[in-house]
Amino acid sequence: MSVHVAADRDLCVGAGNCVLTAPDVFDQDEEGLVAVLDTDPAAAADRVAQAVDLCPAGAITATGGKTP
């Protein structure tokens, strides 16, 4: 099942947990803030759900896909 990923850069604290969890979906820009590389990752729903759970700022949202 597909998932749609979004990130609120105003909330991001640059912890980088999302990049460690799903490096094909997330990156950090030169300011250390989250950058979404793939807004509709076909095969990463589980890792995106984990990244949402691990984000200390609640800056990442995922809609669709499997809920943890």
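Numbers here simply count residues along the sequence, with the first being 1. Just so we're clear, the structure is a prediction, and the values are computed from it rather than from any experiment.
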What pair of heavy atoms forms the shortest contact from [X] to [Y], and how long is it?
| X | Y | answer |
| --- | --- | --- |
| L11 | A59 | CB-CB, 3.9 Å |
| V52 | I60 | CG2-CG2, 3.6 Å |
| V3 | A62 | CG2-CB, 3.6 Å |
| P56 | A15 | CG-CB, 3.8 Å |
| A7 | V34 | CB-CG1, 3.6 Å |

Non-neighbouring partners of [X] that pass side-chain contact (heavy atoms from CB on, under 4.5 Å), sequence neighbours left out:
| X | answer |
| --- | --- |
| A6 | T61 |
| L54 | N17, T21, Q50 |
| A22 | D24, V25, F26, R47 |

Suppose we screen for side-chain hydrogen bond (donor to acceptor under 3.5 Å, both in side chains). Which residues come up paired with D38, at least two apart in sequence or across chains? none
Output all residues satisfying side-chain hydrogen bond (donor to acceptor under 3.5 Å, both in side chains) with D29, sequence neighbours left out; order by chain, then residue number. R9
Can you tell if the side chain of L33 reaches within under 4.5 Å of the side chain of Q28, non-hydrogen atoms only? no
Sequence neighbours excluded, which residues qualify as salt bridge (Lys or Arg N to Asp or Glu O under 4.0 Å) partners of D27? none
